[in-house]
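What follows is a single structure, written as C-alpha cells, with notes after it.
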Amino acid sequence: MAGSSSSSRSASTSLNDDDKRYSPIKYRVGPLDYHPAVYCKCQKKAALWISWSDDNPGRRYIKCYSARTDGCDLMEWYEGRHDPFVQTLLIDLRDAVWKLKKEKAVIKRQFNEAVEMIEDLEGQIADLKEENARLDQFEGEKEYLEGKVERMDMEIKLMRVLCVVLLGVALFFRF
C-alpha cells in the first residue's frame, strides 16, 4: 500500500509522489457545499474533506478552510471509521487509481512526443517534396544535355575517323 496521505484536492494529470496527498477522485460536491453548516472558531464555515491516508481512506472530516494560512485548529471526523474490509478495499482502489493516473501521464507524454515526431517528419516530407519538385524542373534540361552529349560523342568519333582518313590521304600523297 502507498504511504500515509491525507488531503482531498482533485489530482492533477501529471502525478508524482507528492501528488498522492490529493484525492484520487474528483469531489462530487464542493468542500463548502454541505449542510448543516459547521463553523470553526474563526467564524468561517469549515470545509468537508475526504481523507485518503492508509489509516482513514475515504473517511470524511471537517477542517477549517483557512487552517493552513490562519492557523485555525478545528478538525473533527464527520463520520465513524470504516469496516476493516472496506478500509482495505478503499486503499487498494485508491492505489489503483493513482497508478492509472501515473500511467495516463506517461502515455500522454509519450503521445505528445509522438505527435512532435510526426510533425517533424511531416515537415521533412514537405521539404523533400519541394526539393523533388525543384529537381523535376531540371529533368527536361537533363534529357536535352544527355542528347547533346551523345551528339558530341558521335561528332568526336566522326572527327577521329576523318582524322585517320586525312592522315591516310596525307601519307599516300607524300610518297
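Below, all heavy atoms of this structure are taken into account, side chains as well, without hydrogens, waters or symmetry copies. All figures in this text were calculated on a predicted structure; none of them were measured in a lab.
Between Arg134 and Glu130 there is no salt bridge, since none of the side-chain N atoms of the basic residue sits less than 4.0 Å from a carboxylate O of the acidic one. The pair Asp55-Arg81 does not meet the salt-bridge criterion, since no charged nitrogen lies less than 4.0 angstrom from a carboxylate oxygen.
Taking all atoms of both residues into account, the shortest heavy-atom contact from Ala37 to Lys45 is CB-CE, 3.7 Å.
Linking Ile, Leu, Val, Met, Phe, Trp and Tyr whenever their side-chain heavy atoms come within less than 4.5 Å puts Phe172 and Val169 in one cluster.
Heavy-atom contacts from other residues, nucleotides or ligands closer than 6.0 Å to CD of Glu79 number more than 12.
Note that OG of Ser51 is 7.0 Å distant from CE of Met75, once rounded to the nearest 0.5 Å. Taking CG of Asp54 as the reference point, atom CG of Leu90 lies at 11.5 Å (rounded to 0.5 Å). For the atom pair NZ (Lys44) and CG (Leu74), the distance works out to 12.5 Å, reported to the nearest 0.5 Å. Residue Tyr78 holds its OH atom at 14.5 Å from OH of Tyr61, rounded to the nearest 0.5 Å. For the atom pair CG of Leu158 and CG of Asp153, the computed distance is 12.5 Å after rounding to the nearest 0.5 Å.
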Worked verdict on Glu113 versus Arg109 for salt bridge (charged side-chain N to carboxylate O under 4.0 Å, His left out): CA-CA 6 Å; Glu113 289 171 359; Arg109 180 183 47 80; 3.2 Å; yes
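Between Met159 and Ile156 there is no side-chain heavy-atom pair separated by less than 4.5 Å. You'll find the side chain of Asn132 stays beyond 4.5 Å of the side chain of Leu128, heavy atoms only.
A side-chain donor-acceptor contact under 3.5 Å links Asp120 and Gln124.
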